[in-house]
Amino acid sequence: MYKKVLVGVDSSDEASQVLSAVASWPWIGDAEISVLHVAEHPPLSYGQWMVYLPIDESQVEAHLLKRVEERVEASGLKPQDCRIVFGRPIDTILEEAEEGGYDLIVVGSHGRHGVKLLLGSTANGVLHRARCDVMAIRVRED
Ligand code: AMP
């Protein structure tokens, strides 16, 4: 069975669906579960330039962590830790998984087709580049 499971959650209500799915798996057993939200620095378009405004990361982190922890609690999942990391979602999820020695990554998937799939969703990016197993939870968009 899996020993370390990394659950990626975005900032939408779909995060609750992913967390509830993981919480319902009896086979997850004694695995160490971490919940990760990757916070992106919002780029600002200025003419042809993209600039990044300086933000107080610790304030943003505390705010986002509270939101994630509320969702985790409501789902009934009991992770070892919840954390916020700044970066780009796909790269950061993969880095955290490798550095932390996780053997399973869980993400939500919309099961998109066509152009959206070609452009690549987070689940798609993680699935194709991960060195460990990836579980995609089909989320409803209604
Ligand atoms: P998306 O492809 O962006 O619709 O997201 C699909 C799934 O990827 C989400 O349900 C999450 O499991 C994961 N994900 C997306 N964005 C993030 C993020 N910023 N941090 C962590 N996981 C994310």
Side-chain angles (χ1 to χ4, degrees), residues 1-46 49-142:
M1 268 299 123
Y2 296 106
K3 290 192 173 63
K4 290 189 78 176
V5 179
L6 183 65
V7 184
V9 292
D10 61 16
S11 55
S12 77
D13 288 342
E14 289 161 18
S16 301
Q17 295 182 49
V18 175
L19 293 165
S20 297
V22 179
S24 73
W25 294 337
W27 54 266
I28 205 89
D30 295 328
E32 183 184 319
I33 299 169
S34 299
V35 176
L36 168 70
H37 174 68
V38 182
E40 291 180 271
H41 288 281
L44 182 72
S45 165
Y46 184 78
W49 301 86
M50 295 297 272
V51 293
Y52 288 83
L53 289 178
I55 56 167
D56 183 341
E57 287 194 357
S58 59
Q59 269 193 10
V60 174
E61 183 183 343
H63 174 80
L64 293 173
L65 189 58
K66 193 161 175 281
R67 297 278 95 78
V68 170
E69 285 174 343
E70 284 167 0
R71 285 203 166 110
V72 168
E73 197 177 340
S75 74
L77 187 67
K78 306 273 181 235
Q80 262 66 29
D81 75 303
C82 296
R83 57 183 182 270
I84 308 296
V85 177
F86 285 85
R88 287 184 298 194
I90 297 173
D91 294 337
T92 308
I93 291 169
L94 293 168
E95 280 162 21
E96 289 283 311
E98 277 189 36
E99 285 166 15
Y102 289 86
D103 46 12
L104 176 68
I105 301 172
V106 181
V107 287
S109 167
H110 301 95
R112 290 171 176 149
H113 300 286
V115 175
K116 281 184 177 170
L117 185 60
L118 285 175
L119 287 173
S121 66
T122 309
N124 206 32
V126 170
L127 185 64
H128 284 95
R129 288 173 45 200
R131 298 217 179 132
C132 65
D133 287 359
V134 177
M135 176 87 69
I137 304 296
R138 182 72 183 264
V139 290
R140 295 183 321 274
E141 294 185 75
D142 45 39

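Every number for a ligand or one of its atoms is a count from 1 in the order of the listing.
- Judged as a side-chain hydrogen bond (donor to acceptor under 3.5 Å, both in side chains), and not counting sequence neighbours, the contacts of Arg83 are Asp81, Glu96, Tyr102.
- In terms of polar-atom proximity, Val38 is counted as a contact of ligand 1, with an N or O under 3.5 Å from an N or O of the ligand.
- With rounding to the nearest 0.5 angstrom, the CZ atom of Arg131 is 11.5 Å from the CD1 atom of Ile105.
- The distance from ligand 1 to the heavy atoms of Ser121 drops below 4.0 Å at these ligand atoms: 2 (O).
- The closest approach between a heavy atom of Glu14 and any atom of ligand 1 is not below 4.0 Å.
- In terms of polar-atom proximity, defined here as any N/O pair under 3.5 Å, Val9 does make such a contact with ligand 1.
- For Ile93, every heavy-atom contact with ligand 1 shorter than 4.0 Å involves the side chain, none the backbone.
- Considering both main-chain and side-chain atoms, Thr122 comes within under 3.5 Å of ligand 1 through a nitrogen or oxygen pair.
- Checked by distance only, ligand 1 and Gly108 come closer than 3.5 Å through their nitrogen or oxygen atoms.
- Minimum heavy-atom separation, Leu104 to Cys132: N-SG, 4.1 Å.
- For ligand 1, the atoms closer than 4.0 angstrom to any heavy atom of Leu36 are 21 (C).
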Step by step, would you call Glu70 with Arg67 a salt bridge (Lys or Arg N to Asp or Glu O under 4.0 Å)? CA-CA 5 Å; Glu70 284 167 0; Arg67 297 278 95 78; 3.4 Å; yes
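- The backbone N or O of Ile84 lies less than 3.5 Å from no partner atom in the side chain of His37, so there is not a single donor-acceptor pair.
- Taking both residues in full, the closest heavy atoms of Val18 and Gly8 are given as CG1-O, 4.2 Å, listed atom of the first, atom of the second, then distance.
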